[in-house]
Structures are given as C-alpha cells and as structure tokens.
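Here, residue 1 is the first one in the sequence, and each next residue gets the next number.
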Amino acid sequence: MAVSPWRAPCKDKTLPRGAQWTHFLPSGRRSGVGESEGAGEPEWERARSLESRDPGRPASKRPRAAGPWEDTEVAVGKAAGRAGRARIRPRPLHPRPQPAGYRLPLLSSDYVSPERGSRVSKGVGEGRGKEERREAGPEKGMAVGSTASGTSEQHVRIRFVKKKKVIIKKRKKLTRPRPLVTTGPPVITTPAGALDLPEEKEPGCPPLGLESLRVSDSQLEASSSQSFGLGPHRGRLNIQSGLEDGDLYDGAWCAEPQDAEPWLQVDARHPTRFSGIITQGRNSVWRYDWVTSYKVQFSNDSRTWWGSRNRSSGMDAVFPANSDPETPVLNLLPEPQVARFIRLLPQTWLQGGDSCLRAEILACPVSDPNDLFPKAPALGSSDPLDFRHHNYKAMRKLMKQVNEQCPNVTRIYSIGKSHQGLKLYVMEMSDHPGQHELGEPEVRYVAGMHGNEALGRELLLLLMQYLCREFLRGDPRVTRLLTETRIHLLPSMNPDGYETAFRRGSELVGWAEGRWNQQGIDLNHNFADLNTPLWEAEDDGLVPDTVPNHHLPLPTYYTLPNATVAPETRAVIEWMERIPFVLSANLHGGELVVSYPFDMTRTPWAARELTPTPDDAVFRWLSTVYAGTNRAMQDLDRRPCHSQDFSLHGNIINGADWHTVPGSMNDFSYLHTNCFEVTVELSCDKFPHENELPQEWENNKDALLTYLEQVRVGIAGVVRDKDTELGIADAVISVDGINHDVTTAWGGDYWRLLTPGDYMVTASAEGYHSVTRSCRVTFEEGPVPCNFHLTKTPKQRLRELLASGAKVPPDLRRRLERLRGQKN
C-alpha cells in the first residue's frame, strides 16, 4: 500500500468525527483503505456497477463503495482553480448508497434526509460545510505528489466512515407539544448489558385506560398477589393508597415474595396495537417498593406468548423502570405489537423491597375485519367543540375566538396576575356583559386551583364554547341562563402550575407535579382561616350579637405585606369582594365526589370530623344536584377511584369529614361573602388524555348547566327605603333557625339560597326599623320573590336632617321629646 503524502502538511486540519484520510492513486486505487474489484475504475462508478451486478442483494450485504455524496473531495493544482491552493468541499455522509444519478438538492452545509425529510445542519464536526482554503503542499505552487516538472497530478479524498454507534439527532421543537410526549426516547437494555436506542418517534397511541378506569378490574390478572388490597386491580397508574397498609385499598399491585416469575397482565378485549408502557412504584406512607426493570410479552389467546425484542441483538428487551415510587417512567416498545393481551414481567426490584408496580399501557385500537370481537365503546361527543388541552397561549386564543363569535353576550377581563406574570383571565357571559343588573344573580366557576388538575380547565373552555354556540342557535335553556344570570368562568386560577404540568404531559406529570403555584404554595390552603375566630366567638356566646355570623373581616396578620399569601389568592379575594357572587363551584380532579363546607374540622388537630355549616341542608342539596346529574358518578358499575367508595353516600361528602383543609376557598367564600361554594372532584384521572375529553364533557355537561340553574332555588328580592324607593345596600337578611346571614348588594338586591319550606325572614339595616315576613320556598323553578320596604328610625331621620342643615319638623320634635321622657 502507498502511504498518502497528504497527511503531514494537514496535521493542523481538524477532521470531522468519523472522517478518514484516503489517498487516491492515479490508478484509481485507494491507499490505506484496501483494494476491491474494479480497482481500475473510479470509486463512484464502481458503486454503481456493484449495484447493477447484484440488484437483488440487500444493500447492507453488498461490498461497500464510496459515492460522490459520501466523500469530501480535495482538488489540488489546476483542478482547484489556483496553483498551490486546495478547495475542500465536504459532503455529508448519506445513510445508505443511492442509485445512479442521485444528487442532493442542497449545498454541502446541510441536506434533507430522504427518509425523514428533516433538515440536518453542519453534520458532525465543527466548521463542516464551510468552504475553506489551505495550502496544498510544502511549497506554494506545487501540487502534492507532483514531480518537479509538474507533469502528474494526484487527488486526495476524505472519506467519512460510519462508526458503530447510534447518534440521536435533536428533535425539531414543536410549536404545540403533545401532552404525552415529554421525555426523550427511553433507553432499552439487553440482558447482555448493551444499549439499544430506538429511533425517536412520537408515542402517538393514547392510554388504554387503567388510570381513568376505562379498563375494568376483570381485565387485570397477575401471577400472584400479597393480599386483596395489593391485587392486580390496584396496579393502576397514580392510584393512591389509604393511610393504613394492609387494608382493601393499597397503593399498587405487589407479587408474593416467593413468586420467582411475577407478571401483571392486561386484557384489552380487542386487537390492539401496543406502543409503550408507563410505570410507577408503590404508593405507601410506610414502605418503599418499586420495580427497576421488566420485560414485556404479548399474546392473542393468553397461552402462546412472544416477547418484545431488542432490534440490535434480537434478544428479549429489558426495560429500565423506576428509581422512586412516584415518578412515572415511559418506555416505548422497539416495535409496536398487535395483540389482545400484554404482560409486564418484573426482572429486578428495589433491594429489600417487593415486586410492586402501577402502570398505564399506551395502545391504539386496530380494525377487526372479521368482527371476531365485540366493538369497543366509542368515546365521543356530538358537540363540535375544541377537544384538546390548551396551554396559556392557546387558552387566550380560544377565549378570544369565543368573544369574537358572541360579542354581545361575552366579555373577557383579568382579575390579576400569577407569580410569573400570567394573567388570570375570566370569561363573563350574560346578555349585558360588564354590568351588574338589578335582580340578576352572579355565579362563578373556578378551575385550575391545582395546576395539574387539568380537566376542570378544559371543561370551562368547553362550556364557554357550548354556551356561545347554543345561544346563537337559540337554545331556550341556554338563552334563559344568559338572560337571567351573570356567569363568570375562571378556567385557570394557577396558570404557572398548569404550564409545569402541561410540559410534562398528561401521563407523565404524576400525582403532584404542578399542583402548587410557582412559589410552592397550595392555593387551596392559602385563604384566611376565618373558621377559628368564628368558632371561638361562638364558644364565648358572642355570635351574633357582638361578632357577626357572616362577612367576617380578614385577620390582621393576613393583610401584612410579609404575609405568605400568593398573588393568585389575593386576586381571587379582591374578585370575590368586588362582585356579589351567590353560587360557585371549585373544580378539582383526582376523585369522583362533591364535597361541601366546612372543609376544616372544628376540633383542633383532628384529621377528619363531620363539621357541617348552618346551611348544611342547602349544601347537601347543591352537592346532590351535581352528583346526581354527572354520568360517571351515577354509573353503578364504576369502581372506586382510590381508597374510598363515595357512591355509598350518594357521591357527596362533608369536606372536613373527608380530610381537614384549613384555609380552603370554600370556607372562606361562605364566611367572608354571600357565596355558597362546593368542590367538585371531576375524575379519577387528574390530567386525562385528549382522547378522553369528549367523554368527560358528556359526563359533566348536564351537571354544569344544572348546577348553574340552582341559583334560582330559594328567595330573592330587593330591600328598599319606604320613603325614597331606593335600594338599601348592605342590609342584612336573616332566616329564623339558620345562624348565617347574607347581605344586599349595592342596589339593594339579594339572593338567599334555601331548600323548599316555610321561613320567617327578617330584613334589617342600620338606621331602619327591621321588618319580618313569611316566605315560602316551593319546588317550582325560580326564586320566590321576597321584597322588603324599611322605614328609617327617628334618630336616623334626625341625623340626616341635621347633616343637611334643615329644621326639625314639629311632629318629629314632639316624638323625640316623648322618647326622651320615656327613657328618663
């Protein structure tokens, strides 16, 4: 072999990674590379001839030949255009030999892969793709390898040789990330320890439905279980355990310790294309158990099984699993598999722990041309709405579209900003948006208090689309709602937390990531505790004579500049104080139940305790209305989400009897304003996949509308001055037997939610004589009118006259004298 004389003068030239100097002799042979057949012809011609000689032979088995798009050519001497100068034109290495006549459409700095169509810049090695000039040899003006007379000329080629390693190209940034795709491609290890990185691809298949309960308990089997509470039906992603281990509601599937070959099996019931698996460890207060690696097998009859193979070695793929109990870990299969059954076979687990896991399967349904299996129930809705997850930018765009579509009944406004400066947008829907109409009640829905509980956010965006669309169509129910009610929809109270959860994705966000705001504050524990001062005053006998039973003021500590109060919380409090809300619901996720105040236990340090409000009957009514019209909650075949079966009590519960929540928005709203608010837990899955949104909308659509209509239950009216007929603001409305009052708005109008029955209602205001009257609430739709006219007291009339500088009338003077005489 001849040694290339080109190496020495170019030692300062940095070659790209994977490049190799190749010296082409005049005869056409390459020095340092070896000879092959057809050595007398140019290399690129030899490549074409090899293909034509053996067209049926796989490209990977053919003798390797260089193509003109695989070499970096260095022309020296006259061919370079200047004596003594070399022009280097690097050309990217193509992944496979191309047919004759193939030409790359781009310059050498970048190219378009015919396989993927993606643009790859620069290649490997810095400076590649730029034209450079270097001296061709030791002496200027002399070609390399030429004689003194310059009669011969040689060409030197740089050949880029593929190394045996996989290079993952950086994925092009998506303009709207898919919620499920949040991590890079998983690493798959073989039993031999080698790594096999699959090509980057989108896990386009949605979850099969273990977390959302679309997969029933009967579809889950296991090789063994430590107990019923650790059975296969508990192996669902994000399932939560109870406080005690060993009960019927534990936090994972766990195989028996003596089980040498444990497995968890899922029956999809239909031919399914499985594409990936997401796993977690065991949810437990007392133990640490998780699987660190597993294999996957498939079957069509649950008897004959085949495994997921590593594409490089052909051996069974071993997937890396978890390193902690809660973080979801996604593994995509090297090749999607079509089958009915799938098994997860743990191989290793935490030392000293048990083989325990929670899982979700990514799977796409496939067609069954022979109709051998019953058709799977379709998830869908007939409403043409935007069923997808919306980040902050997409949410603003959608709200603007609704406003432009229905400008006469909608208005968008902001109540403040989050810690990161994202605005808290509200959609108002009414026939006269922007103003409070006398006698028209104000209702609100709040969602996204916990950023990772995304379903409520999407339901409110769907609700505003639906109300707008149906109003334009003339739907009588929606038309009445918008003409008789002023509706406020806050889809995202915690936009910072939602953006965190959205970036992780619906299946990978876990149970808690994104729950808190950017400051790490749980907004549902951040409102002022007004329960404690009220209960202490009641114990001292000061309520309602000295301490009111309503509109309790904010504590002093809460108003200090250094108080730990989130900007989102302050914004909502100011919003509550500005608008006379009557009814509200706070939309959450992770369970299927409606909870009502009080949320905080009256006994200090009690974890749970039944703590009803004076309006317990009204709150139970409101909760039952939503639960009774929610499709999922009324499904008799539905299994409990986690560790409590709320269906035994009508899917409603007193919040404090569930778990104590000091500083909740529900309690604050009840004690600081007129508003009655409940918490609706919408779904077992906090962040359902996009393909489940249509069904979730159908589950909640009627409940959302029916709950809004409950603002008409009870009594309503206007408290006026008898002499001037003007409304009296801040008049107190008291109901005998209920130790909680409400007040009138600035126009004198009020709304008092009451269940059907007969009530003695008293209206009172400072400077007026109180008036009491009987009001009957029936089951008929619409609030019962209960108006009041109050007469000013003589003292108040005198105060007003003296303030205006007028003389006191004789009758008023004589009446005041009689009152003074009686007092003396």
Side-chain angles (χ1 to χ4, degrees), residues 174 176-186 202-214 236-240 251-252 276-283 290 321-332 357-362 387-395 418 420 422 447-459 461 491-524 587-591 641-642 681-693 696:
L174 299 176
R176 182 177 68 85
R178 301 283 300 176
L180 187 59
V181 186
T182 54
T183 60
E202 304 282 347
C205 289
L208 188 62
L210 275 74
E211 182 178 8
S212 63
L213 303 186
R214 285 192 291 114
R236 301 173 182 270
L237 192 72
N238 284 321
I239 201 166
Q240 301 295 294
I277 300 97
I278 303 172
T279 58
Q280 287 175 312
R282 177 181 179 179
N283 176 258
W290 60 80
N322 300 85
S323 57
D324 64 74
E326 295 299 332
T327 304
V329 174
L330 165 67
N331 281 291
L332 301 181
L357 62 79
R358 295 173 286 168
E360 180 62 87
I361 308 298
L362 304 184
F387 294 105
R388 63 188 177 94
H389 287 291
H390 299 77
N391 62 6
Y392 180 74
K393 184 177 179 180
M395 180 190 72
S418 69
Q420 287 190 316
L422 303 182
M449 171 177 275
H450 295 147
N452 62 332
E453 297 170 10
L455 180 56
R457 174 193 183 105
E458 299 308 324
L459 287 180
L461 295 178
S492 185
M493 181 179 169
N494 181 9
D496 296 349
Y498 177 82
E499 293 301 304
T500 299
F502 182 84
R503 286 191 292 268
R504 288 289 293 157
S506 62
E507 306 309 309
L508 300 181
V509 68
W511 188 252
E513 188 173 359
R515 174 186 178 93
W516 302 274
N517 79 336
Q518 196 65 24
Q519 299 168 285
I521 298 175
D522 188 334
L523 301 183
N524 202 32
L587 306 184
H588 285 246
E591 259 296 353
C641 291
H642 300 288
E681 301 284 349
L682 296 163
S683 171
C684 301
D685 191 348
K686 288 186 175 183
F687 205 134
H689 190 270
E690 282 185 354
N691 76 327
E692 296 176 355
L693 292 179
E696 294 292 356

Point to revise | His689 (side chain) donor-acceptor with Cys205 (main chain) under 3.5 angstrom | key: no

Practice item. Over all heavy atoms of both residues, which pair between Cys684 and Leu213 is shortest? Give the atoms and the distance, please. Key: SG-CD1, 3.3 Å

**Study point:** Sub-4.5 Å side-chain heavy-atom contact between Glu681 and Leu587
**Key:** no

Review point. Does the separation of the ring centres of His390 and Phe502 fall below 6.0 angstrom?
Key: no

Practice item. Report the C-alpha separation of His450 and Tyr498 in whole Å, then their side-chain angles, then the decisive distance to 0.1 Å, and conclude whether the ring-ring contact (aromatic ring centres under 6.0 Å, His included) test is met. Key: CA-CA 8 Å; His450 295 147; Tyr498 177 82; over 10 Å; no

Revision key, fill the gap. So CG of Leu237 and OG1 of Thr279: to nearest 0.5 Å the spacing works out to 8.5 Å

Review point. Side chains of Val329 and Ile278: closer than 4.5 Å at any heavy-atom pair?
Key: no

Point to revise | Distance (rounded to the nearest 0.5 Å) between Leu459 CG and Ser683 OG | key: 9.5 Å

Practice item. Check whether any side-chain heavy atom of Gln280 lies under 4.5 Å from a side-chain heavy atom of Thr327, and answer yes or no. Key: no

Exercise for review: Report the distance from atom OG of Ser212 to atom CG of Leu455, rounding to the nearest 0.5 Å.
Suggested key: 11.0 Å

Exercise for review: Measure the spacing between NE2 of His588 and CG of Leu682 and express it to the nearest 0.5 Å.
Suggested key: 9.5 Å

Check your understanding: Can you tell if the side chain of Glu211 reaches within under 4.5 Å of the side chain of Arg358, non-hydrogen atoms only?
Key -> no

Exercise for review: Go through the side-chain N and O atoms of Glu326 and Asn283 and say whether any donor and acceptor fall under 3.5 Å apart.
Suggested key: yes

**Study point:** N-O pairing of Glu499 and Lys393 below 4.0 Å
**Key:** no

Study note, to complete from the structure: One should read off an interatomic distance between Leu508 CG and Glu360 CD, to the nearest 0.5 angstrom, of 11.0 Å

Check your understanding: Is His389 reaching over with its side chain to a backbone N or O of Gly505, donor-acceptor style, under 3.5 angstrom?
Key -> no

**Study point:** Identified side-chain hydrogen bond (donor to acceptor under 3.5 Å, both in side chains) counterpart of Arg515 within the set Asn452, Thr500, Asn494, Asp522
**Key:** Asp522

Review point. Do Lys686 and Glu453 sit within salt-bridge range, that is, some charged N less than 4.0 Å from a carboxylate O?
Key: yes

Review point. Closest approach of Ser492 and Met395, non-hydrogen atoms and distance?
Key: CB-SD, 4.1 Å

Check your understanding: Taking C-beta and beyond as the side chain, do Gln420 and Asn517 meet within less than 4.5 Å on heavy atoms?
Key -> no

Check your understanding: Ion pair present between Glu458 and Arg388, side-chain N to carboxylate O less than 4.0 angstrom?
Key -> no

Review point. Can you tell me how far the CG atom of Asp324 sits from the CH2 atom of Trp290, to the nearest 0.5 Å?
Key: 6.5 Å

Check your understanding: Nearest heavy-atom pair of Ser418 and Pro495: which atoms, and what distance?
Key -> CB-CG, 3.8 Å

**Study point:** Minimal non-hydrogen separation, Ala252 against Gly281, with atom names
**Key:** CB-O, 4.4 Å

Exercise for review: Check whether any side-chain heavy atom of Tyr392 lies under 4.5 Å from a side-chain heavy atom of Leu422, and answer yes or no.
Suggested key: yes

Check your understanding: Counting only N and O atoms by type, is there a donor-acceptor contact under 3.5 Å from the side chain of Glu591 to the main-chain atoms of Gly589?
Key -> no

Review point. How close do Ala501 and Gly451 get, heavy atom to heavy atom, and via which atoms?
Key: CB-O, 4.0 Å

Check your understanding: Closest approach of Arg282 and Pro325, non-hydrogen atoms and distance?
Key -> O-CB, 3.4 Å

Check your understanding: Does any non-hydrogen side-chain atom of Leu362 lie less than 4.5 Å from one of Ile277?
Key -> no

